[in-house]
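Since the model is a prediction, treat every value here as computed from it, not as a measurement. Note that these values count all heavy atoms, side chains included, but never hydrogens, waters or copies made by symmetry.
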Number of protein chains: 2
Amino acid sequence: MELDRLDTQILNILQDDAGVPLRTLAGMVHASVATCQRRIAQLRASGILIKDVALVDRVRVGRPLTAFVSVVLDQQNTALLKMFESLMRAEEDVMACYEVAGEFDFMLVVTAASMESYHEFTRRVFTSNNNVRNYKSLFAMNCAKFETRVPLG
Amino acid sequence: MELDRLDTQILNILQDDAGVPLRTLAGMVHASVATCQRRIAQLRASGILIKDVALVDRVRVGRPLTAFVSVVLDQQNTALLKMFESLMRAEEDVMACYEVAGEFDFMLVVTAASMESYHEFTRRVFTSNNNVRNYKSLFAMNCAKFETRVPLG
DNA sequence: TATGAAACCTGATATCT
DNA sequence: AGATATCAGGTTTCATA
């Protein structure tokens, strides 16, 4: 699916506020309500618009700890890589899991309620049983920016 | 503000789908529409619920490149740290910027349309003028998981 | 003081031109 | 693609415990 200027405008707005009324959106992009509605439906159907989510303040909600974790696996064959990935997908403390190029195999973003629970997490998950050779944690002291928005157009 | 069981239930649901109708939500948490609406309003007012956003497929939308960037500054006094942070906030390619403990000063998550534009970004932003001593990029080859949801309760 | 029920009114959806 | 009609859903008010 090819995105035209109207699509990218709509996506830019919706990435900032998923709750904009269609009338308002239509006004902002200089199109009709019906057109906007159709475009959004298409973008959803094609999988470009994934879903609408509510963002919460992680500190206020009792999850003050964020860690960037670099992981090196013992063996890197496809089956074991896939196994590690599904393990990470199943762990709800793991916010993000990327396979990376370079000195590590994976880069994770992990949240926790406390250092104790993070410690428990690492002991439980980063084991040789799970094919993990070693891992390194980098702890966030302060979040200066967190955006889900990707700039378009 | 203290979160009770109803609040955490509501937050858990809204983090997965910000567009759930109030009636449906009310049914799921066994409360009335009015109560759910009130709780959501309070959560918004208190800043725990930050906002509702649409998530897009970054690859499909022309932003296939994601990099984790570790940054070491030249000097670390408060003013210069703050300066670097506001610089990052102003850069729309920077999705996340965390001040971290350990061998680096900052950890960034950066998206780009291509390696060329990423290169251009680094040349423009990671300069000694901006107090950057050195930086290291770790490129994502594949995203196995990306969640905005933090588990509650 | 917080809740649930119901009226009301705004906005999303579908159809037609 | 734009306009209109219909209907679902959000908002407000009121009664209640």
Side-chain angles (χ1 to χ4, degrees), chain A residues 1-63 113 146-153, chain B residues 1-58 60-62 147-153:
Chain A
M1 186 188 172
E2 195 59 33
L3 299 176
D4 67 8
R5 172 158 175 70
L6 181 59
D7 292 315
T8 60
Q9 280 186 110
I10 290 173
L11 287 174
N12 273 330
I13 294 166
L14 259 30
Q15 281 189 98
D16 273 333
D17 181 6
V20 206
L22 278 178
R23 286 199 221 301
T24 313
L25 180 66
M28 290 194 276
V29 301
H30 306 293
S32 74
V33 170
T35 301
C36 288
Q37 175 163 272
R38 268 187 283 265
R39 294 301 185 101
I40 292 171
Q42 286 167 8
L43 290 164
R44 272 192 226 285
S46 70
I48 289 173
L49 254 175
I50 300 167
K51 60 174 177 174
D52 297 345
V53 299
L55 263 29
V56 305
D57 185 322
R58 294 183 198 166
V59 176
R60 306 268 310 271
V61 105
R63 291 248 153 193
F146 177 82
E147 282 284 339
T148 52
R149 183 182 193 282
V150 341
L152 302 177
Chain B
M1 184 189 171
E2 195 59 31
L3 299 177
D4 67 8
R5 172 159 175 72
L6 181 58
D7 292 315
T8 58
Q9 281 186 108
I10 290 173
L11 288 174
N12 273 330
I13 294 166
L14 259 31
Q15 281 189 98
D16 272 333
D17 181 5
V20 206
L22 277 178
R23 284 177 175 72
T24 313
L25 180 66
M28 291 194 276
V29 301
H30 305 293
S32 73
V33 171
T35 300
C36 288
Q37 175 162 276
R38 267 186 284 262
R39 294 302 185 101
I40 292 171
Q42 283 166 215
L43 290 164
R44 271 192 229 285
S46 70
I48 289 174
L49 253 175
I50 301 169
K51 61 174 177 173
D52 296 344
V53 300
L55 264 29
V56 305
D57 186 322
R58 295 184 197 164
R60 305 268 311 269
V61 105
E147 282 283 338
T148 52
R149 183 181 195 281
V150 344
L152 302 178

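Atom pair A/I40:CD1 and C/dG11:P shows a separation of 15 Å (rounding to whole Å applied). One can place CG of B/L25 at 13 Å from P of D/dT11, the figure rounded to the nearest angstrom. For the pair A/R23 CZ and D/dA3 C1', the interatomic distance rounds to 12 Å; values are reported in whole Å. The separation between B/L6 atom CG and C/dT3 atom P is 7 Å, rounded to whole Å. Atom P of nucleotide D/dT11 and atom CD of B/Q42 are separated by 15 Å, given to the nearest angstrom. Whole-Å rounding puts the A/D52 CG to C/dA12 P distance at 12 Å. For B/L22 and C/dG4, the CG to C1' distance is 14 Å, given to the nearest whole Å. The separation between A/I10 atom CD1 and D/dA1 atom C1' is 13 Å, rounded to whole Å.
Closest approach to the A/R38 side chain among C/dT3, D/dA1, C/dA12 is made by D/dA1 (side chain taken as heavy atoms from C-beta onward). In this structure, of D/dG2, C/dT3, C/dT13, it is D/dG2 that holds the atom nearest to the side chain of A/S32. Here the nucleotide nearest the side chain of A/A34, chosen from C/dA5, D/dA3, C/dT13, is D/dA3.
Between C/dA2 and B/T35, no contact under 4.0 Å exists linking OP1 or OP2 to a side-chain N or O. B/Q37 has a side-chain polar atom (N or O) that falls below the 4.0 Å cut-off from OP1 or OP2 of D/dT11.
No side-chain heavy atom of B/V53 sits less than 4.5 Å from a side-chain heavy atom of A/Q15.
Between A/L43 and A/L11 the shortest heavy-atom distance is CD1-CD2, 3.8 Å. Of all heavy-atom pairs between B/R5 and B/T8, the closest is O-OG1, 2.8 Å.
By the 4.0 Å N-to-carboxylate-O rule, B/K51 lies too far from A/D17 to be salt-bridged with it.
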